[in-house]
Amino acid sequence: MSQPVTIVIADGTLIPERGNKGVFSAWRIALIGAIGLLIVVPLINTAEVQSFVHTLWLQVFPSSTPNPVLERIADGSYRNYYWNALKFVPDGLIITFQVTLLSIACATVIGLFAGLGQISRNTLINRVSTVYVEVIRGIPLIVQLFYIYYSLGQLLRTEGVLAAVAALSICYGAYIGEIFRAGIQSISRGQMEAALALGMTRRQAFRFIILPQTVRVILPALGNELIAMLKDSSLVSIVALPDLMTRGRQYTSQSFAYFETFTMVALLYLVMTLFLSRLVGIMEERLQKRGRK
Amino acid sequence: MGTTDKDTQAIIEIRDAVKVFQEQRALAGVNLSVAKGEVVLIIGPSGSGKSTLLRSINRLEHLSSGSIRVADIEVCAANADIRRLREEVGMVFQNFNLFPHLNVLDNICLSPINVKKIGKNEAREQGRSLLAKVGLSEKEYSFPDQLSGGQQQRVAIARALAMHPKIMLFDEPTSALDPEMVKEVLDVMLDLAREGMTMVVVSHEMGFAKAAADRVIFMDAGLVVETGSPRELFDKPKEERTRKFLDNILH
Amino acid sequence: MKRFLTLALVIAIAAGFVACQKGESNSSSNNATTTLQVIKVATDASFPPMEYVDENRNIIGFDIDLLKAIGELVGFTPQFENVSWDGIFISLENGKYDMIASSVSITDERKLKFAFSDPYVNVGQVLVVPATDSKTTKLQELAGKQVGVQIGTTGNNTADAAKVVEVRTYAEIGLAFQDLVNGNLAGVVIDSPVAADYALVNPNFKGKVLIVGDLITAEPYAYTLRMDNTELLAKLNQGISTLRANGGLDAIKAKWGIK
């Protein structure tokens, strides 16, 4: 009798753990590369460096046509767009972090209740939470953002950060609810029975036995959601929140320096997600050390 | 007065117990009474209903019909005091079911502290003496996954005892163990039996039965087929089904 | 049997789609029988009455009518495509489109990178406030409050230049107006023709928003091209001057209610 084979493909980023050489070194290359580019590219595009390089170039290869870069440096119209873009976006980074952290916190609470609801023996609670998870997971996040911000905005005043956090939390709450449900169900029935046999109520058994173990099981998955949330938070630029993405769009709209700006924005997002994914990796390593059988 | 109580007053009284799982009868009308201080061993082929019967006694399973009384608690009554029932009845599982996120001492103390509401220090003191009793004093800060199966099962027994139960239920306590670890668990159970604990044990450990059991019950197809002293039942079974089953497990 | 029915249903639906698409492509090939040069035009059709999408999913508006009229005069067929505003200039620069006809105001920054036709209409930025606000008359009075603009527009520049207000940038101006009536914004800064359309014509916003004060800026709209596309630039300028002389421009202005 052969076991059915299950292939699990995570839709999040790869989680670098020390045990996994390939992913770990890829993570290191990406992180060093991204941070390096963030520092080096703005530096070599300063007027000083450019003027030095182009002057040197002209001395080695004298040319009859005027050098456009040197001309622009001379008449003061040269711009280091990489550096200027970097200077333009930092307050957007703060909003991005703010929205992401608030949302993951709310989404985890919603997810806990949705997960518990889905395994509840109360039919009403069970139906409500299962339908919530089904419905929300079937609607793209950007549609939910528009819906909560602009449509519901007509009924109840939903303001910037609040609306963005609400939309992200409601959306991710459904996904995290599934994670909680799967996590709780992965704890063997024997654990609940042992707790009940020791006189605990179901509530006590959940609090002392099931939930602490569930949290360990789902922490990596939650970490993945956090990373996904950070990336998806770029969608809040549609509700005109000045996050990193919005700041990037604003800078390009006046400088027209699309390549330079979005190179910097992409690198900033990348550095953040790489840091977070390593954080999740460290968490997983810890859990494996003090693991469950 | 005490001795007559023990002999006449049943501490567990099971009447016409029927349990139906998805149209399958796991229990088809079981009658059984267990006296205070008695050690009863239940044997039978898999699917005979012995585990279901055991789990019905502390209401991990709820009977479809019939009644169970444990001490003065009507187990199947809608308003039964489940918490008190489970304080009176300790249970040990085949797969130990220790809590993997807690160390050994916390495994033992969790319920006394949160259910019985006794003080932390008192609970820990009691936990240490129970660990000494099962011979694992040096393991109080180990985690379950650092223990052998036999050690885990001994911790599980100590954990159940920490609630001061009047009755202990054992659901195949040694069948998940490597052979060399069976004895250490059986020794702890033997000690318990000698101390006068009322025990209902689902197990095929003949040695334990002969050494400690007052009665052996053979179940098949959800019914009690035969009941007798270990010697009677193992050596001179009356029923054909019992004989066949014993032949199978002895060879 | 059930499976067969499902399959038949799927095939029938698919066939229906193919039939529809065929119908559409037939009609468009009929239109293209003229051998005029096709000019690809980028427009952000979220800017009524200048350019927007009607119920039949056609891009219509003042800019559309005017460019069609110019095309008829000087010999090209404009083919409009809906492009979001903050990607519109890069799309032109990358050569995806030949020109932008999308209420583009001439600014010094834009002139550094792009060529502009002669202006065809003069507008300016105005402040729009909720109808419930009977006091505000200019941007400076909204100090510290949130003001909505479309990202990268001259309205964005105007609000930024006022310094005192907190600027919220939207991808489309309609979203800013929605937020205005939802009570999240104190004002919106936008081109005068669009403001007039929202305040006076649009059934969803008419009566809910008010244009206050005078034009904050004076801005000419012009067509935007790549620097090297002098041939098309010449044709556009020729068309604009002809229509200005013969009254065609005024007629189109009148049709869309533009001063």
Side-chain angles (χ1 to χ4, degrees), chain A residues 68 71-72 75-79 81 84-85 88-89 91-92 95 142-143 145-164 166 234-263 265, chain C residues 44 46 84-94 96 100 104 107-114 130 145-161 166-186 188 204-205 208 224 226-227:
Chain A
E71 276 192 339
R72 270 187 282 140
D75 69 12
S77 69
Y78 179 82
R79 295 278 180 279
Y81 287 118
N84 291 353
F88 194 84
V89 300
D91 59 337
I95 298 273
I142 192 158
V143 177
L145 265 172
F146 264 93
Y147 195 82
I148 289 174
Y149 192 75
Y150 293 109
S151 311
L152 292 188
Q154 291 173 296
L155 306 173
L156 37 132
R157 249 183 97 164
T158 47
E159 219 282 316
V161 175
L162 191 71
S234 59
L235 290 175
V236 303
S237 66
I238 64 152
V239 298
L241 270 193
D243 74 326
L244 179 54
M245 180 63 188
T246 306
R247 281 288 181 248
R249 289 167 68 178
Q250 285 170 345
Y251 186 68
T252 55
S253 73
Q254 41 172 277
S255 66
F256 304 108
Y258 295 89
F259 181 80
E260 295 86 342
T261 309
F262 286 112
T263 302
V265 168
Chain C
D44 173 17
S46 64
S84 84
W85 181 256
D86 66 338
I88 209 163
F89 288 100
I90 187 77
S91 304
L92 174 66
E93 199 178 353
N94 290 346
K96 265 189 94 176
I100 303 172
V104 184
T107 68
D108 290 341
E109 288 154 333
R110 291 172 184 166
K111 270 200 290 195
L112 283 176
K113 281 223 164 187
F114 302 102
K145 299 205 174 136
Q146 300 208 324
V147 169
V149 298
Q150 185 177 8
I151 190 164
T153 56
T154 45
N156 197 165
N157 300 346
T158 307
D160 282 341
E166 197 179 314
V167 181
R168 297 271 301 268
T169 54
Y170 294 79
E172 289 172 17
I173 198 60
L175 298 177
F177 274 104
Q178 185 64 55
D179 237 7
L180 184 69
V181 300
N182 284 357
N184 294 325
L185 293 176
V188 166
N204 293 322
F205 294 93
K208 292 185 187 167
T224 318
R226 279 185 300 278
M227 287 288 196

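Order of the sequence lines fixes the chain letters, A, B, ..., with proteins taken first and strands second; residue numbering starts at 1 for each chain.
- C:S84 is linked by a side-chain contact (heavy atoms from CB on, under 4.5 Å) to C:D86, counting only residues two or more places apart in sequence or in another chain.
- Nearest heavy-atom pair across A:T246 and C:I151 is O-CD1, 4.2 Å.
- Contacts of A:Y251 with chain C are absent, with no heavy-atom separation under 4.5 Å from either backbone or side chain.
- In this structure, C:L175 CG and A:Y149 OH are separated by 9.5 Å, a value rounded to the nearest 0.5 Å.
- With sequence neighbours excluded, the residues forming a side-chain contact (heavy atoms from CB on, under 4.5 Å) with C:E93 are C:I90, C:K113, C:F114, listed by chain and number.
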